[in-house]
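Every chain is numbered from 1, with letters handed out A, B, ... down the list of sequences. Values in this document were obtained by computation on a predicted structure and should not be read as measured data.
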Protein chains: 2
Amino acid sequence: MTAETTDFAEALRAAGLRVTQQRLRVLSILMQAQDHPNADEVFTRAREIDGSVSFATVYRTLSALEEAGLIQRLSFENEPARFEVMPSADHDHLVDIDTGEVIEITSDEINRLRAELVARLGYEIVSQHTLIRARRKPDA
Amino acid sequence: MTAETTDFAEALRAAGLRVTQQRLRVLSILMQAQDHPNADEVFTRAREIDGSVSFATVYRTLSALEEAGLIQRLSFENEPARFEVMPSADHDHLVDIDTGEVIEITSDEINRLRAELVARLGYEIVSQHTLIRARRKPDA
DNA sequence: ATCGATGCAAAGGTTTTGCATCAAT
DNA sequence: ATTGATGCAAAACCTTTGCATCGAT
């Protein structure tokens with residue numbers, strides 16, 4: 001077991017989950033991913049490594065990891081949910097509507113303003129996510 | 001035809017769509033809605049008025065109206081898409097995770113900051129939406 | 001040995017689509 | 001009359017679930 005998978009294993013145990021090959025695999029796929037794969041893509045990548053992984057397990061694993069706070073589910077418009085390892089800071093996503101490329105963006109100031117606004121309404125933020133659909137500026 | 005439906009009719013024609021009973025009905029339902037109904041709820045409400053409206057038409061109509069810029073599709077997490085008439089100003093949604101209540105929130109300052117941020121990346125915002133899952137403050 | 005996790009297949013819920021008919025232009 | 005819109009039913013699509021088996025503890 002590599003140092004990397006040892007870390008994963010500890011995180012899983014800390015969340016009260018059994019350390020299975022499948023979970024290590026899914027976590028590792030998401031940690032290595034440069035993009036934001038959906039369940040089907042995670043499944044395909046997992047299959048390349050272990051031909052016996054099932055669809056059901058991928059879905060169950062993704063839900064379990066989400067509930068354990070290890071990964072985050074992203075709900076984009078009109079497409080299956082995508083996943084990413086839990087980010088350290090709240091960040092949002094910009095989708096290039098022409099290429100489909102996803103860019104992560106962060107603004108502490110916006111986060112602060114939002115928290116204030118929500119607090120004024122008598123609420124506490126549990127989670128938040130901004131989806132921006134944008135197009136490259138032609139004159140950029 | 002009431003003044004209200006005349007307005008709808010003009011909006012439809014301006015969008016290059018035929019003015020059908022079904023479209024007027026769906027638009028009218030969304031304009032009167034105090035909530036953010038999903039396709040199924042729109043269908044049910046339409047059925048109460050016209051027993052012949054079909055599911056397929058509701059979905060096709062919602063997509064057509066969205067493309068025409070008359071209504072907006074809201075993608076919440078893990079639930080079917082909801083719809084609202086196109087708002088004059090960009091606004092976001094706060095979902096009370098305990099009651100399911102949806103509250104509309106707006107902040108010109110946040111919108112401005114976001115536009116700036118996106119522009120700096122060389123993009124123009126096509127649409128944007130923030131979903132905040134929140135819980136009432138116990139000590140509010 | 002226990003009991004949670006898995007794989008398979010089948011079902012569930014939401015949305016789309018093919019096609020004949022209808023109705024707005 | 002033309003052609004887009006509708007209704008119906010069937011399919012597609014994404015996700016969840018029942019159940020027998022497997023494997024982590």
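- For B/Arg23, no side-chain nitrogen or oxygen approaches OP1 or OP2 of C/dA24 to under 4.0 Å.
- Residues from residues 68-80 of chain B placing a heavy atom under 4.0 Å of any atom in DNA chain C, listed by number, are B/Pro80.
- The nearest whole Å value for the distance from the OH atom in A/Tyr59 to the P atom in D/dG18 is 18 Å.
- A/Ile71 has its side chain within reach of A/Leu27: a pair of non-hydrogen atoms, C-beta onward, lies under 4.5 Å apart.
- For A/Arg25 and C/dA5, the CZ to C1' distance is 14 Å, given to the nearest whole Å.
- Across the protein-nucleic acid pair, A/Leu24 atom CG and D/dG23 atom P stand 15 Å apart, rounded to whole Å.
- Nearest heavy-atom pair, A/Val118 versus B/Ala134, reported as atom, atom and distance to 0.1 Å: CG1-CB, 4.4 Å.
- Residue-level contact check: A/Ala81 touches the backbone only, with heavy atoms under 4.0 Å from sugar-phosphate atoms and none from bases.
- If you measure from atom CZ of B/Phe55 to atom C1' of D/dG7, you get 13 Å, rounded to the nearest angstrom.
- Proximity of A/Thr106 to A/Glu104: side-chain heavy atoms (C-beta onward) are nowhere separated by under 4.5 Å.
- One finds the CD1 atom of B/Ile132 at 11.5 Å from the OH atom of A/Tyr123 (value rounded to the nearest 0.5 Å).
- Inter-residue side-chain proximity for B/His91 and B/Glu84 is flagged as met; some heavy-atom pair is nearer than 4.5 Å.
- In summary, B/Asp92 and B/Arg114 engage in a salt bridge, as defined by a charged side-chain N under 4.0 Å from a carboxylate O.
- Along DNA chain C, the nucleotide nearest B/Gln22 and the nucleotide nearest B/Ala56 are compared for position; the residue whose nucleotide lies closer to the 5' end is B/Ala56.
- Relative to the axis of its first five pairs, the axis of the last five pairs of the helix from C/dA1-D/dT25 to C/dT25-D/dA1 sits at 40°, rounded to 10 degrees.
- Under a 4.0 Å N-O distance rule, the pair A/Arg135/A/Asp98 qualifies as a salt bridge.
- Classified by interplanar angle (parallel below 30°, tilted 30° to 60°, perpendicular above 60°), the ring pair A/Phe76/A/His93 is tilted.
- Under a cutoff of 6.0 Å and an axis angle of 45°, B/Arg73 and B/Phe83 do not form a cation-pi pair.
- As a whole-Å value, the separation of A/Arg82 CZ from D/dC14 P is 12 Å.
- Residues B/Thr20 and B/Leu12 fail the side-chain proximity criterion, which asks for heavy atoms closer than 4.5 Å.
- Contact of the A/Ser52 side chain with the A/Gln22 side chain is not registered, since no non-hydrogen atoms from C-beta on lie closer than 4.5 Å.
- Summarising the geometry, the separation between CG on B/Leu62 and C1' on D/dA5 is reported as 15 Å, rounded to the nearest angstrom.
- One atom, CG of A/Leu12, and another, P of C/dT6, lie 10 Å apart when rounded to the nearest Å.
- For a distance-only test at 3.5 Å, the side chain of B/Arg60 fails to qualify as a donor-acceptor partner of the base of D/dG4.
- For B/Arg18 against D/dT3, a side-chain-to-base donor-acceptor contact under 3.5 Å is present.
- Under 4.0 angstrom from either OP1 or OP2 of D/dG23 there lies no side-chain N or O belonging to A/Thr20.
- Non-hydrogen atoms lying under 4.0 Å from DNA chain D are contributed by B/Arg47, B/Ser52, B/Val53, B/Ser54, all within residues 41-54 of chain B.
- To the nearest angstrom, C1' of D/dC22 lies 13 Å from CD of A/Gln21.
- For the residue pair B/Thr61 / B/Arg23, no side-chain donor-acceptor distance below 3.5 Å is found, with atom types taken as modelled.
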